[in-house]
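For reference, the structure discussed in these notes is given below.
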There are 2 protein chains.
Amino acid sequence: MNGGVRMTSEARRKSILAAAIAIFGSRGYVGTTTDEVARAAGVSQTYVVRLFGTKEKLFLAAHEHVVERILEAFRDAVHGESTRGRSERMGTAYIELLADRGLHLTLHHAFLLGGDPVIGEAARKQFARVWRFLREEAELSVEEARDFLARGMLVNTLVGLRLIDDYGTDPAVTEVFRACFPADVRDIAERLPRVGDAW
Amino acid sequence: MNGGVRMTSEARRKSILAAAIAIFGSRGYVGTTTDEVARAAGVSQTYVVRLFGTKEKLFLAAHEHVVERILEAFRDAVHGESTRGRSERMGTAYIELLADRGLHLTLHHAFLLGGDPVIGEAARKQFARVWRFLREEAELSVEEARDFLARGMLVNTLVGLRLIDDYGTDPAVTEVFRACFPADVRDIAERLPRVGDAW
DNA sequence: ATTGCTTGTAATCAGCTGATGACATCACGG
DNA sequence: CCGTGATGTCATCAGCTGATTACAAGCAAT
């Protein structure tokens, strides 16, 4: 180790996972190198591979962690409240999760990996799990669940495009942005990853 | 050349572009090799690079082609008709475009490349162009345009996930699928790319 | 302090991939 | 029939990347 501290492998796994989510979200599965994740986490490339086995397993772990975190936030949002307004509260919770760098985009990258025999299988399972949550736990109707998901996918798209860069400059972009983000969380949204960001 | 025919470079460009869209859609920008595109188009890897300059320029050409085609389909869908029902007609047109292998997913991959200095810039420009089309030419309200786009992103997600594989098996997946695809185009949707597909 | 387990790195490598440059083949006008 | 431009391939290569192996260093208990 260099200047780093010695950790339990469990703590190290967590810190590597956080780095992996940030970078997978930015560069995608194929575009991410285990070395970049390692440097972001302050360990050697070989150690990342050792702790997680393969890059594929690292991605699967990151992906699962992301879904857990999102469902957890959704649960908090609908907890104990009346049925009305659940979509809106979950929507706000979803936007607030943007503070977790790479969360939404790691998920979204997984959505495009359906053709991968291993990751695709996992991604479909997790997607179905989210749908069941919306229908059963959040008690949304089919149409509500569909529209909620759709809105989420659009948010992911805007984030992935780094469209915030043109917010305030291009009128069309400003309009989309205002239409997709509730006014009370716009300040959070404005602290989104930008083009010039390291990741 | 091997068993292939000699073409004008213009015709060759078109056939390479079609192959590129199919494969970029399946594997993404980073995950696609120029060699795979070349073999799908029946030419050598070096010729693909020669005709388009770089892999990046090939992707940009594919991406632009995709957007042109989609806007063209949207234009046909709204052409001369009353304002009412335009979203639905464009939605149907969008689903029918699924017959063009890789079209939607090449677009969607570009949405996740916002961090790329070259491709991201182009992707944002094209996205803004689509939004302006929806607002100005298709004359949708801000909310209609947003909801239309959102639905499109959800469709892209289902396609990218190859979720059709679980249609009819997993009740949750069957439900999502029915909620997102109009009944009259479901047969088209059911001929979507599957997990086992070559691309 | 010696043993043994955990945390971690350095060295290395085989395979892949985009790109370059030299060369081959075809069509066609004069 | 010959020259010239266009269409295309083959050989090659440098750079990157995930993974393996060997090795080092710290901690804990006997």
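In the text below, chain A, chain B and the rest are named by the order of the sequence lines, each starting its count at 1.
Put simply, the side chain of A:R12 and the base of C:dT7 share no donor and acceptor less than 3.5 Å apart.
Using a 4.0 Å heavy-atom distance criterion, A:T33 is classed as a sugar-phosphate-only contact. B:S9 comes within 4.0 angstrom of the backbone, heavy atoms only, and of no base.
In this structure, the CZ atom of B:R13 is 14 Å from the C1' atom of D:dT7, given to the nearest Å. At whole-Å resolution of the value, CD1 in B:I23 and P in C:dG18 are 11 Å apart. Rounding to whole angstrom units, CG of residue A:D35 and P of C:dC13 are separated by 18 Å. For B:Q45 and D:dG8, the CD to P distance is 16 Å, given to the nearest whole Å. One atom, CD of A:E36, and another, C1' of D:dC16, lie 13 Å apart when rounded to the nearest Å. A:I16 places its CD1 atom 10 Å from the C1' atom of C:dG8, with the value rounded to the nearest Å. Nucleotide C:dT9 holds its P atom 11 Å from the CE atom of A:M7, rounded to whole Å. Going from atom CZ of A:F24 over to atom C1' of D:dG18 covers 12 Å, rounded to whole Å.
The closest donor-acceptor contact from the side chain of A:R86 to the backbone of A:A138 lies under 3.5 Å. Between the side chain of A:R13 and the main chain of A:L51, a donor-acceptor pair closer than 3.5 Å is present. Remark: the backbone N or O of B:R194 is paired with a side-chain donor or acceptor of B:D197 at under 3.5 angstrom. Between the A:S26 side chain and the A:A22 main chain, no donor and acceptor come within less than 3.5 Å of each other.
Separation of the B:F148 and B:F74 ring centroids falls under the 6.0 Å cut-off. Between B:F24 and B:H63, the ring center distance fails the sub-6.0 Å criterion.
For the side-chain contact (heavy atoms from CB on, under 4.5 Å) with B:T32, the qualifying choice from B:V37, B:T106, B:L58 is B:V37, the only one to do so.
Residue B:T34 places at least one side-chain N or O closer than 4.0 Å to OP1 or OP2 of C:dG18.
For the contact set between residues 47-65 of chain B and DNA chain C, defined by any heavy atom under 4.0 Å, the members are B:R50, B:T54, B:K55.
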